[in-house]
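Submitted below is the structure of interest, expressed as structure tokens.
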Protein chains: 2
Amino acid sequence: MSRTPLHPTREQIELPMVLDCLSDPIRLAIVYQLAQQERVSSELRCGDFNGLSGKSNLAYHFAKLRECGLMLTRVAGTNRFMRLRREDLEARFPGLLDAVLSSAAKDADRLQLVSECDVVEGG
Amino acid sequence: MSRTPLHPTREQIELPMVLDCLSDPIRLAIVYQLAQQERVSSELRCGDFNGLSGKSNLAYHFAKLRECGLMLTRVAGTNRFMRLRREDLEARFPGLLDAVLSSAAKDADRLQLVSECDVVEGG
DNA sequence: TCCCTAGTTCAATGTTTATTGAACTATCAA
DNA sequence: TTGATAGTTCAATAAACATTGAACTAGGGA
């Protein structure tokens, strides 16, 4: 278990990989939940997503989200804290993340996304 | 060969399918080229994309783009004319298509997209 | 020290995907 | 009716993908 997983640099973030990453319902739900959480604190632990799938499957999706540059993982003890790479994404693809997030919000029911009041306070 | 292929209704257009469709470099190039063409005429023939891949592979990608609601195919003689479903997409996911298109434009070189001056005049 | 918790890694599985070429359908023009 | 053109459909293939459970690693607390 290496100390900090590899992340692509801002310039290495590629549009097709980002779109592909966001096209999976579980990963979209993770990104959506991270975005909701930004209003309270910027980070969430892996365990906060346990409702979405099993541990090992989530680890697989977390890795994908890291590799494509959508989120960043910080190791602290036995926990991993993750947050959206908002600034990098905005610099590379202005308006894209917000367009996807508001599109997802419109279909929150259909996509079975966490509702606003489900956001963990003080996470 | 049925007269007019099936297209989803506006309400049937799903975000994950749209993002997945746009995540393939060939399909992104098709959509980008259709968007460029909108300034001149709204439609292009299948053959206008022959530079991107072989005929049967293109037909496969065209079907995907139709099925996810990104474009519309109209049959006229031996030709099929295709255009973006701009209004439907804007209604379902406001700002999404333009955000993807401008992101793609920023990376046009990297994505090997057709440049503006390559657009077929009066197609 | 021992165990619990948090999360990753690995191997196996079945599914979906992109790509190719060949066969096919349909329209148009000579 | 013959031939050319435009595009789809089919079958086959190899690669990528999502999912599962078991094994593993590391940190923190009793």
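Residue numbers start from 1 in every chain, and the chains themselves are labelled A, B, ... in the order their sequence lines are given, proteins ahead of strands.
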Ignoring hydrogens and angles, tell me if any N or O in the side chain of B:Asp24 forms a donor-acceptor pair with the backbone of B:Arg27 under 3.5 Å.
yes

Verify whether one side chain among B:Arg83 and B:Ser42 offers a donor that lies under 3.5 Å from an acceptor in the other.
no

Is it true that B:Arg92 and A:Asp107 make a salt bridge, defined as a side-chain N closer than 4.0 Å to a carboxylate O?
yes

Quick note, B:Asp24 side chain, CB onward, closest among C:dA18, D:dT8, D:dG7 is C:dA18

Taking C:dT8, C:dT19, D:dC17 as options, the one with an atom nearest any side-chain atom of B:Ile26 is C:dT19

I need the CD-P distance between A:Glu67 and D:dA18, as an integer number of Å.
11 Å

Just how far, in rounded Å, is P of D:dT8 from NZ of B:Lys64?
16 Å

Among the candidates D:dG7, D:dT20, C:dT17, find the nucleotide nearest to the side-chain atoms of A:Ser56.
D:dT20

Main-chain N/O of B:Asp48 paired to B:Gln33 side chain as donor or acceptor, under 3.5 Å:
yes

Spacing between B:Glu43 atom CD and D:dG7 atom P, to the nearest angstrom
13 Å

Expressed in angstrom and rounded to an integer, what is the separation of A:Leu58 atom CG from C:dT8 atom C1'?
12 Å

For C:dT17, does either OP1 or OP2 sit under 4.0 Å from a side-chain N or O belonging to B:His61?
no

Would you say A:Asn50's side chain and A:Gly47's backbone share a donor-acceptor pair under 3.5 angstrom?
yes

Once you round it to whole Å, what is the distance between P of C:dT5 and CG of A:Asp48?
17 Å

Could you state the CG-C1' distance from B:Asp20 to C:dT15, rounded to the nearest angstrom?
14 Å

Please state whether the phosphate of C:dG21, meaning OP1 or OP2, lies under 4.0 angstrom from any side-chain nitrogen or oxygen of B:Lys55.
no

Is any N or O donor-acceptor pair between the side chain of A:Thr78 and the base of D:dG28 shorter than 3.5 Å?
no

Output yes when at least one side-chain N/O atom of B:Arg27 is less than 4.0 Å from OP1 or OP2 of C:dA18, else no.
yes

d(CG, A:Asn79; P, C:dT8) in whole Å:
10 Å

Taking for each residue the nucleotide of DNA chain D bearing the nearest heavy atom, is the 5' side occupied by A:Ser53 or by B:Gly47?
B:Gly47

Give one of base, sugar-phosphate or nothing for A:Asn57, where a contact means two heavy atoms less than 4.0 Å apart.
base

B:Ala59, nearest nucleotide to its side chain (from D:dA6, D:dT8, D:dC17):
D:dT8

Separation of A:Leu52 atom CG from D:dA18 atom C1', in whole Å?
14 Å

